[in-house]
Amino acid sequence: QVQLVESGGGLVQAGGSLRLSCAASGRTFSTYAMGWFRQAPGKEREFVATINWSGGTRYYADSVKGRFAISRDNAKNTMYLQMNSLQPEDTALYYCAAGGRVTSSHREYNYWGQGTQVTVSS
């Protein structure tokens, strides 16, 4: 019911910033909770951040709290992840996802984008 496409990834030095975007299609985008996940080679997919349909509720993984900020603009069918003070440990393929409620479990999200690569050099 919704299609997602990530963009904004790239190569950045430690301490730098990037803003990821997730463009969504579908008239019911505003009814979905949205989330960001990331996966490095050889590791399991891990939770990064999530936001409810109205944007009033947000949760972050401890590893990114205070550095990353999730937001959404329902009028533009777009979700964002502002990433500041990036570290080499943040290097991963970042995915956006849509689901029925705010949760850190990737199994509870129904729709996924194809991912955008973020690489942080030391």
Side-chain angles (χ1 to χ4, degrees):
Q1 297 184 40
V2 59
Q3 297 174 349
L4 308 172
V5 179
E6 305 95 332
S7 63
L11 176 64
V12 65
Q13 293 185 353
S17 299
L18 284 173
R19 188 182 74 164
L20 305 183
S21 298
C22 176
S25 63
R27 296 291 188 271
T28 60
F29 170 76
S30 63
T31 68
Y32 288 93
M34 303 290 294
W36 286 98
F37 293 79
R38 65 188 184 186
Q39 187 169 23
K43 296 184 178 180
E44 295 185 354
R45 187 167 300 184
E46 66 174 343
F47 167 74
V48 176
T50 185
I51 186 169
N52 78 327
W53 70 271
S54 68
T57 301
R58 311 161 201 252
Y59 297 106
Y60 298 92
D62 289 340
S63 59
V64 306
K65 189 175 298 183
R67 300 188 297 121
F68 291 9
I70 188 171
S71 62
R72 66 190 297 167
D73 187 338
N74 290 340
K76 297 182 178 179
N77 292 328
T78 304
M79 176 181 64
Y80 305 96
L81 183 68
Q82 179 65 47
M83 305 184 295
N84 299 323
S85 301
L86 284 163
Q87 305 169 13
E89 292 76 21
D90 296 316
T91 296
L93 187 65
Y94 283 70
Y95 298 91
C96 67
R101 66 184 183 92
V102 291
T103 175
S104 62
S105 175
H106 70 271
R107 294 186 177 184
E108 298 187 39
Y109 288 83
N110 306 115
Y111 306 100
W112 294 84
Q114 65 268 70
T116 185
Q117 179 67 38
V118 172
T119 302
V120 184
S121 62
S122 60

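For the single chain, residues carry numbers from 1 onward in sequence order.
Between Asn52 and Arg72, the shortest heavy-atom distance links the atoms O-NH1, 2.9 Å. Between Phe47 and Phe37, the closest heavy-atom pair is CA-CD2, 3.5 Å. Residues Ala14 and Pro88 come closest through the heavy atom pair CB-CD, 4.2 Å. Residue Ser17 comes nearest to Asn84 through the heavy atom pair OG-OD1, 2.9 Å, listed as atom of the first residue, atom of the second, then distance. Closest approach of Trp36 to Leu81, counting heavy atoms only: NE1-CB, 3.5 Å. For Gly99 against Tyr109, the heavy-atom pair with the smallest separation is N-CD2, 3.6 Å.
Tyr95 and Leu20 are assigned to two separate hydrophobic clusters, defined by single-linkage of ILVMFWY side chains at heavy-atom distances under 4.5 Å. Under the 4.5 Å side-chain heavy-atom criterion for Ile, Leu, Val, Met, Phe, Trp and Tyr, Leu4 and Trp112 are members of distinct hydrophobic clusters.
Judged by distance alone, with hydrogens and angles left aside, the side-chain atoms of Glu6 form a donor-acceptor pair with the main-chain N or O of Cys96 at under 3.5 Å. Side-chain atoms of Ser25 do not come within 3.5 Å of backbone N or O of Val2 as any donor-acceptor pair. In terms of modelled atom types and a separation under 3.5 Å, the side chain of Thr91 and the main chain of Val120 share a donor-acceptor contact. With hydrogens and angles ignored, the 3.5 Å screen pairs a side-chain donor or acceptor of Tyr60 with a backbone N or O of Ile70. Looking only at distances, no side-chain donor or acceptor of Gln82 sits under 3.5 Å from a matching main-chain atom of Arg19.
Taken from CH2 in Trp53 to CG in Asn74, the straight-line distance is 8.0 Å, to the nearest 0.5 Å. Ser122 contributes atom OG, which lies 9.5 Å from atom CD of Gln13 (distance to the nearest 0.5 angstrom). Put simply, OH on Tyr80 and CG on Asp73 are 5.5 Å apart, with the number rounded to the nearest 0.5 Å. Taking CD1 from Ile51 and CE from Met34, the interatomic distance works out to 9.5 Å, rounded to the nearest 0.5 Å.
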Inset, instruction - Show your reasoning for whether side-chain contact (heavy atoms from CB on, under 4.5 Å) applies to Thr116 and Ser7. - result: CA-CA 6 Å; Thr116 185; Ser7 63; 5.6 Å; no
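The aromatic rings of Phe68 and Tyr94 sit tilted relative to each other, their planes meeting at an angle between 30° and 60°.
The shortest side-chain heavy-atom distance between Gln3 and Val5 does not fall under the 4.5 Å cut-off. Side-chain contact check for Met79 versus Tyr32: every heavy-atom pair is 4.5 Å or farther apart. The shortest distance between side-chain heavy atoms of Asp90 and Arg38 falls below 4.5 Å.
Counting non-hydrogen atoms of neighbouring residues, nucleotides and ligands closer than 6.0 angstrom, the OH atom of Tyr59 reaches no more than 12 such neighbours.
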